[in-house]
Each structure stands twice: as C-alpha cells, then as structure tokens.
K.L.:
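Let me give you the structure first, and then I'll get to my questions.
Residue numbers count from 1 along this sequence.
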Amino acid sequence: MSLETQIKDKALALRFDLVGITTADPPARIAFYRRWIAGGCHGGMAYLARNIERRADPAVLVPGAKSIIVVGCNYHTTLLRPGPLQGRIARYALGEDYHDVMQRKLDALVAAIRELAPQAQACVYVDTGAVLERELAQRAGLGWIGKNTMLFNNRFGQWLLLGEILLDLPLQHDPPETRDRCGSCTRCIAACPTRAIVAPYQLDARRCISYLTIELKGAIPVELRPLVGNRIFGCDDCLEVCPWNRFAQQAREAAFAPRRDLTEPGLVELLEELLAMDEVAFRRRFAGSPLLRAKRRGLLRNVCVALGNARDSRAVPVLTRALADSEPLVREHAAWALERIATQDGKRNAARSPKGDQDE
Ligand code: B12
Ligand code: SF4
Ligand code: SF4
C-alpha cells in the first residue's frame, strides 16, 4: 500500500471526514488576499495583515515543506429554531472547541506518519496559522469555494471545518477541485442580513455578524446592531441557505454534539447569569467552548444587543441592572438596548393613543 493511502486511511480512522494532499506551492489567489487586506476588509483582525509572506509561501512557514495534507471535519448537527427571547449560536460553536478537537486528531495523524516515515518534519495548523486554508482545501480536492467564500462539497454541504499538516515529505498530490458549483445561484448573498458579501467570493468582515459578535473587541457599530437580530455568537445564515446542504449528514464526531446549555439559551436568563459572573467564573462556565473567545464582556455585549432587538419589556429589569456593570462596553450596549425597547413602547403607545382618546 502506498504511503499516501496509508496516511489517508489513518486520517479516516481518526474520524476525519475528508482528506486530500496538495503540494506546498504558493497559493494562486494571494494577490486577492493582499487586496482584501489593503481594502481594510479584515477590520480589527490585525494578525491577518501580518506574516503575509508566510501565507504567500508555505515553504517559508515550514522550511523544506513539500506536501500539505488537508483534512475536513463535518460538524453538522440538528437545526435549531430559537424563539424570540432566545439567542442563536453558530453551529460550529455549540459543542467542544474544534481547534482542540482537530489539533488532537492531527497530532495523532502526525504520530502515525512518523511511524511510517520517522524522519518526517511536520507542522499542524487549524484556523489560526498563516495559511489560506480554503484555497489549500480546494487545491487538495476536498471541495470548491462558494460565493459566500465557504469551502463545501457534495457529501457534506457547507458544514466542514479544516485543518492541515505541512510536511517535508514529497507525496503524490490529489487533483484540485476547480469546477464552479454555484452557477447562477446567489442565495447566500441575498440571505446575508448585513450585506457583508459585497460581491461573489468577497466578504467584508467588518460587516459580518461572525466578526461583530466574536472577533470585534469594541462596540458593535450602532447602524449594524439592529441587523444582528438574536445572533449572540457567530452567524450561519449564508451557510444555511446553500442548496448543497441537501447533502448534509450528521457529524460523526461526538465532540461536536451541542452542549445542552448552549442550545437556544434564554436571553434574559443568560444576561442575569453573565452579570453575576466575573471573568474567572466565565472561563469556568464555558471551559472547552468556542464562546470563551468573546470573553465575558463580549458575550454580555452581544446578549444586550439581542435583547434590544427582541424589543420585549420583560428584559427591562435585567438590562437596567447591566447599566451598573463594571465594563463600560456592557453599560453602553445595555443603554442602547433599553433605548430601543423604550422607542418600541413609545411607538406602540403613539399608535394606540388616538383610539384611546376616542374611548375616553
Ligand atoms: C478571518 C476568518 C474569518 C473572518 C473573515 C471571513 C472571510 N470570509 O474572509 C470572519 C470572522 C468573518 C469569519 C467568519 C466565519 N468563519 Co472563518 N476564518 C477566518 C480565517 C482565520 C482566515 C480567512 C481568510 O484568510 N480570509 C481572507 C479571504 C480573502 O480569504 P478566503 O476567505 O479564504 O478567500 C478566498 C476566496 O474568496 C478565494 N477567491 C477569491 N476570488 C475568487 C474567485 C473564485 C471564482 C473562487 C472560486 C474563489 C475566489 O480566494 C481567497 C483567497 O484564497 C480562516 C482560517 C484560515 N486560516 O484560513 C477561518 C475559516 C475560513 N472560518 C471558518 C468558519 C467555519 C467561519 C464561519 C462559518 C463561523 C461562523 N459560523 O460564524 C463564518 C463564515 C463567514 C463566511 N461566509 O466566510 C472555516 C471555514 C471552513 C469552510 N468550510 O470554508 C475556516 C477555514 C476555519 C477552519 N479551520 O475551519 N472567519
Ligand atoms: S456569516 Fe452571516 S453576516 Fe457573515 S457573511 Fe454570512 S450571512 Fe452575512
Ligand atoms: S448559496 Fe448558492 S451561491 Fe452561495 S455558496 Fe451555495 S450554491 Fe454558491
């Protein structure tokens, strides 16, 4: 059996759903990436503007790199339909943090490769490295890139997470996936609540709810807050509408099963709970979850925005308590939410008053 086949068999045995091999050649679309950064589309994610020369050439990242093994993990779980006073969390964040899950499995794959080729130098990446993961995955034949910039395929739809091993072993590589599978479809562009997909294959992260609720450290721009709706961590709207998701299958990886406490959390209860916590308690409460990334103040900020958007007066007492939080970020978003609820009440009263006047 060839080395490539043995590596792939091992990857599948480790419950990766997809595996492919590509060269360590520079990514063809690095010019697009440079323009994206130059246009400021990365917003406050300053790390994306650093180390561009590494993204431009995997052999700079790992000297002597010859091959890249790309793996994909299906994380699809049952669709949730939260009610008006419930928050929505992106599917990828409902279970255990995929960085930990995939890192563990990739480390095991590296150990298996070293049994086959003891001299191999290897480096593992999941999300945070200076690697253009989607382009590499497309090149390794895992799937194609859609107009919403997601890598997807006809076995799992869009619910795939990616990881890579850069290796100094010369391996036989797989044919790239070059077909255009979107055709005239534009569903994802139309579905985006904030119009963050500014053109096919171009996403302005500064408008993306995933960025606003996870990566952004400061205040959510006021004009975008109403569009965030009840999304309190990430967004899946442009993924959910993709017709290729008819092929989606339930995740095999048990670690991606949704935590009970994260499925459709009650917003009022969550705000109460978060307000009572300090950062240490927050870290304990969300240990192992991607939600840790938002930190206590970021998640509180998001819950305040969602409650403002729910425009339900039952949230007024807890939002009023949030006005006294130690974090200015939380206080400001709580004030915005209260104002939004009050405006709604004002409008309701104004609408009712003429009839009320007649009745009197
Ligand atoms: C920064 C980042 C974000 C940013 C910016 C997203 C973006 N689209 O650029 C924000 C915070 C908004 C974000 C959101 C999400 N992210 Co993110 N993110 C990243 C990260 C770290 C870098 C992406 C990047 O370099 N962007 C810059 C742009 C220019 O690069 P690109 O998106 O790869 O774009 C390529 C295409 O547009 C293509 N292209 C350009 N023109 C053309 C033309 C044609 C015809 C074609 C085919 C392609 C094409 O070339 C570009 C360069 O190769 C990657 C991990 C990594 N290291 O790659 C994860 C990653 C992309 N994210 C991931 C996920 C899961 C998400 C979310 C679904 C999470 C959520 N539910 O909230 C959303 C999805 C939003 C979306 N529609 O992209 C996964 C995606 C897996 C997949 N199947 O594609 C990744 C790969 C992480 C991982 N290891 O699994 N993310
Ligand atoms: S994740 Fe949400 S906000 Fe971001 S591009 Fe997709 S639909 Fe738009
Ligand atoms: S929704 Fe349509 S345009 Fe968007 S990625 Fe899916 S097939 Fe492509």
Side-chain angles (χ1 to χ4, degrees), residues 78-91 93-94 191-195 207-210 212-214 216 218-237 240 258-277 282 285-286 289 291 294-357 359:
T78 1
L79 184 65
L80 307 164
R81 295 201 182 280
L85 265 182
Q86 286 171 314
R88 241 194 297 171
I89 295 174
R91 281 177 200 251
L94 291 170
C192 176
T194 52
R195 300 193 183 281
R207 296 190 67 83
C208 177
I209 294 168
S210 182
L212 297 171
T213 55
I214 305 174
L216 179 68
I220 298 178
V222 174
E223 69 280 12
L224 295 177
R225 289 182 200 178
L227 309 178
V228 171
N230 64 346
R231 298 170 196 81
I232 58 169
F233 192 89
C235 171
D236 283 334
D237 286 27
E240 296 282 2
R259 276 170 60 153
R260 281 184 73 89
D261 58 340
L262 297 186
T263 45
E264 307 167 36
L267 289 168
V268 170
E269 297 78 4
L270 185 58
L271 190 61
E272 263 163 7
E273 191 189 354
L274 289 168
L275 285 172
M277 283 177 192
F282 176 84
R285 163 75 165 82
F286 294 106
S289 159
L291 267 70
K295 297 212 167 73
R296 173 187 177 274
R297 65 173 175 279
L299 196 56
L300 269 165
R301 170 198 65 188
N302 300 344
V303 176
C304 288
V305 169
L307 280 171
N309 290 333
R311 293 187 141 175
D312 189 316
S313 54
R314 280 174 291 176
V316 169
V318 66
L319 281 168
T320 308
R321 251 179 289 142
L323 290 176
D325 192 72
S326 58
E327 292 281 351
L329 184 73
V330 176
R331 297 203 294 270
E332 190 266 309
H333 285 74
W336 176 86
L338 284 165
E339 174 71 29
R340 191 158 158 80
I341 296 170
T343 321
Q344 168 78 356
D345 283 350
K347 273 195 197 136
R348 271 204 208 120
N349 292 340
R352 261 190 236 119
S353 66
K355 190 164 184 293
D357 289 343
D359 284 348

K.L.:
Sub-3.5 Å donor-acceptor pair from the side chain of R296 to the main-chain atoms of M277, do we have one?
P.N.:
yes

K.L.:
Determine the minimum heavy-atom distance between L271 and L300, stating which atoms define it.
P.N.:
CD1-CD2, 3.3 Å

K.L.:
Treating H333 as the side-chain partner and I220 as the backbone partner, does any N or O pair qualify as donor plus acceptor under 3.5 Å?
P.N.:
yes

K.L.:
Kindly say whether G234 contributes a backbone atom to a donor-acceptor pair with the side chain of T213 at under 3.5 angstrom?
P.N.:
yes

K.L.:
Applying salt bridge (charged side-chain N to carboxylate O under 4.0 Å, His left out), can you list everything that pairs with R285, at least two apart in sequence or on another chain?
P.N.:
D261, E273

K.L.:
Of all heavy-atom pairs between I341 and A315, which one has the smallest distance, and what is that distance?
P.N.:
CD1-CB, 4.3 Å

K.L.:
Identify the heavy atoms of S289 and A93 that sit nearest to each other, and give their distance.
P.N.:
OG-O, 4.3 Å

K.L.:
Is any side-chain heavy atom of I89 closer than 4.5 Å to one of P265?
P.N.:
yes

K.L.:
For V303 and L307, what are the C-alpha separation, side-chain angles and deciding distance, and is it a side chain to side chain contact (heavy atoms under 4.5 Å, CB included)?
P.N.:
CA-CA 6 Å; V303 176; L307 280 171; 4.2 Å; yes

K.L.:
Atom CZ of residue position R314 - does it have more than 12 heavy atoms of other residues, nucleotides or ligands inside 6.0 Å?
P.N.:
no

K.L.:
For the side chain to side chain contact (heavy atoms under 4.5 Å, CB included) test, which of T320, L319, V318 pairs with V316?
P.N.:
T320

K.L.:
For a quick test of reading the model, state the closest non-hydrogen atom pair linking A337 to C304 and the distance between them.
P.N.:
CB-O, 3.3 Å

K.L.:
Test side chain to side chain contact (heavy atoms under 4.5 Å, CB included) on N230 and Q86 and set out the steps.
P.N.:
CA-CA 7 Å; N230 64 346; Q86 286 171 314; 5.6 Å; no

K.L.:
So, does R340 use its side chain to make a donor-acceptor pair with the main chain of R311 at under 3.5 Å?
P.N.:
no

K.L.:
Run the side chain to side chain contact (heavy atoms under 4.5 Å, CB included) test on F233 and L262 for me, step by step, so that the C-alpha distance in whole Å, both residues' side-chain angles and the decisive distance to 0.1 Å come before the verdict.
P.N.:
CA-CA 11 Å; F233 192 89; L262 297 186; over 6 Å; no

K.L.:
R231 and side-chain hydrogen bond (donor to acceptor under 3.5 Å, both in side chains): which single residue from D237, N309, D236, N302 fits?
P.N.:
D237

K.L.:
May I ask you to say whether E332 pairs ionically with R225, meaning some side-chain N is under 4.0 Å from a carboxylate O?
P.N.:
yes

K.L.:
Nearest 0.5 Å, please: how far is CG in L227 from CZ in R195?
P.N.:
9.5 Å

K.L.:
If I compare all heavy atoms of P221 with all of L212, which pair ends up nearest, and what's the gap?
P.N.:
CD-CD2, 3.9 Å

K.L.:
D312 versus V268: any side-chain heavy-atom pair under 4.5 Å?
P.N.:
no

K.L.:
Using a 3.5 Å distance criterion without hydrogens, assess whether the side chain of R331 forms a donor-acceptor pair with backbone atoms of D325.
P.N.:
yes

K.L.:
Holding to side-chain hydrogen bond (donor to acceptor under 3.5 Å, both in side chains), I want the full list of residues that pass it with E327, two or more places apart in sequence or in another chain.
P.N.:
none

K.L.:
Looking only at non-hydrogen atoms, find the nearest pair between A90 and C235 and report the distance.
P.N.:
CB-N, 3.8 Å

K.L.:
Dump the intermediate steps for side chain to side chain contact (heavy atoms under 4.5 Å, CB included) on I232 and L270, then the final yes or no.
P.N.:
CA-CA 11 Å; I232 58 169; L270 185 58; 3.7 Å; yes

